[in-house]
Amino acid sequence: MDVRVLRYFLTVAREASFSRAADALYMSQPTLSRQIRDLEEELGTTLFVRTNRNVTLTRDGMRLRRRAQEIVELMDRTREEFENLDEDISGDVCIGSGETHAMRALARVAIDVRREHPGVRYHLFSGNADDVTERLDRGLLDFGVVIDPADLHKYDFLRIPGSDSWGLLMPADHPLAAKEAVTPGDLDGVPLLVSRQSMVAGDLARWLGGDFDRLEIAATYNLVFNAAIMVEQGMGCALTLDHLVGSMDVGGLCFRPLAPKVESGLNLVWKKYQVFSPAAEAFLRGVREAFEA
């Protein structure tokens, strides 16, 4: 399977038209159509539903699009790394993270590295722990930030100083807003928006005394911004981490910590035996100097 043809395939999928894709690729439409037909024959499937006006992806086409994007991205990163081997330290560092204020500590390191090596560029990917580790395992990220509890046996890691505390995000006029902290009994009958991260099944369940089923789950969320909007609109209250919502353009909300306190540690992780680019090595060196001190 030729990476060049995968790029053609992705362009047709993006443009939803062979003619527009051919123009974007500076090639003739018959040549492009033949390349895609050859790809379909190689895979033994149909990738596009063709009509007189446009083309749409089949189910197999959608599956290939995801894989093709990952392959092309990985090839581009590999080429860039080798192009920069004999130059001053430069290139890309890809970091994946859930929503956490620990990014402030990493940002300070990243700024210091760029001050010394202006050619270093950072690419940030936001997602929950499963999203981050999946991309890490596939070589699409250099580093991931994951929140405890986490299975770290496959990775090398550094503990990030500090921790995240869990609490309840609610409208400012909610009855629980009058309290300094939220106890397990306070959640009875309260519609909740709950994170899908593993903490929900671990630390939070223990905080509740193992009686997780008693909660009234109105919704689950991946990242908290949209959950905060749901809270603002009155769906319920969100169990989330502190320091996340203050900078968002979502008004009329307040955060109360859980009592007893529930904290989650933070880890910067990378694949064992990872061969880093010079740029990623420089970033990791900066992290070690900052955190291990």
Side-chain angles (χ1 to χ4, degrees), residues 70 72-165 197-199 223-225 241-248 263-293:
E70 294 175 351
V72 168
E73 182 179 343
L74 189 57
M75 289 293 295
D76 288 344
R77 289 195 61 208
T78 302
R79 184 181 64 252
E80 289 173 1
E81 288 174 6
F82 278 88
E83 287 174 350
N84 293 325
L85 285 178
D86 298 327
E87 303 174 0
D88 182 31
I89 293 177
S90 62
D92 299 329
V93 180
C94 299
I95 305 170
S97 176
E99 296 170 305
T100 169
H101 73 286
M103 288 304 296
R104 291 187 174 91
L106 294 178
R108 290 191 289 268
V109 173
I111 291 168
D112 289 342
V113 172
R114 266 189 56 82
R115 189 176 291 120
E116 185 175 356
H117 307 291
V120 173
R121 298 179 301 273
Y122 297 95
H123 303 278
L124 305 180
F125 170 81
S126 295
N128 63 18
D130 291 339
D131 299 329
V132 170
T133 54
E134 179 184 0
R135 291 180 70 86
L136 195 65
D137 292 343
R138 291 180 176 174
L140 301 177
L141 296 175
D142 296 304
F143 304 98
V145 179
V146 297
I147 301 172
D148 285 333
D151 182 2
L152 302 179
H153 78 278
K154 295 191 298 183
Y155 307 106
D156 288 324
F157 64 95
L158 279 174
R159 299 288 293 184
I160 299 175
S163 61
D164 278 331
S165 296
Q197 294 191 97
S198 60
M199 178 270 175
L223 300 176
V224 75
F225 179 74
L241 297 169
D242 58 358
H243 305 302
L244 294 183
V245 183
S247 61
M248 297 179 181
E263 292 183 314
S264 293
L266 304 160
N267 308 279
L268 181 72
V269 304
W270 60 95
K271 291 172 66 174
K272 288 184 176 180
Y273 315 112
Q274 174 78 18
V275 178
F276 286 121
S277 68
E281 285 182 353
F283 176 76
L284 181 57
R285 187 164 55 248
V287 168
R288 290 189 187 278
E289 292 173 357
F291 294 173
E292 292 181 347

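This structure is a prediction, so every number in the text was calculated from the model and none was measured.
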What's the separation between atom [atom1] in [X] and atom [atom2] in [Y], rounded to the nearest 0.5 Å?
X	Y	atom1	atom2	result
Leu284	Phe291	CG	CZ	10.5 Å
Lys272	Leu152	NZ	CG	9.5 Å
Arg159	Leu266	CZ	CG	7.5 Å
Glu70	Glu73	CD	CD	8.0 Å
Tyr273	Asp156	OH	CG	8.0 Å
Ile95	Leu106	CD1	CG	6.0 Å

Any side-chain heavy atom of [X] sitting closer than 4.5 Å to one from [Y]?
X	Y	answer
Leu74	Leu140	yes
Thr133	Lys154	no
His123	Val93	no
Val146	Tyr155	no
Phe283	Val109	yes
Leu141	Phe125	yes
Val113	Ile89	no

### Query
Do Tyr122 and Phe143 have their ring centres less than 6.0 Å from each other?
no
### Message
So if I apply the side-chain contact (heavy atoms from CB on, under 4.5 Å) rule between Asp112 and each of Arg115, Arg114, Glu116, which one comes out positive?
### Response
Arg115
Closest approach of [X] and [Y], non-hydrogen atoms and distance?
X	Y	result
Lys271	Leu136	CD-O, 3.0 Å
Ala279	Ser90	CB-O, 3.6 Å
Val132	Ser97	CG2-N, 3.6 Å

### Message
Between Glu281 and Arg285, does any NZ, NE, NH1 or NH2 come within less than 4.0 Å of an OD or OE carboxylate oxygen?
### Response
no
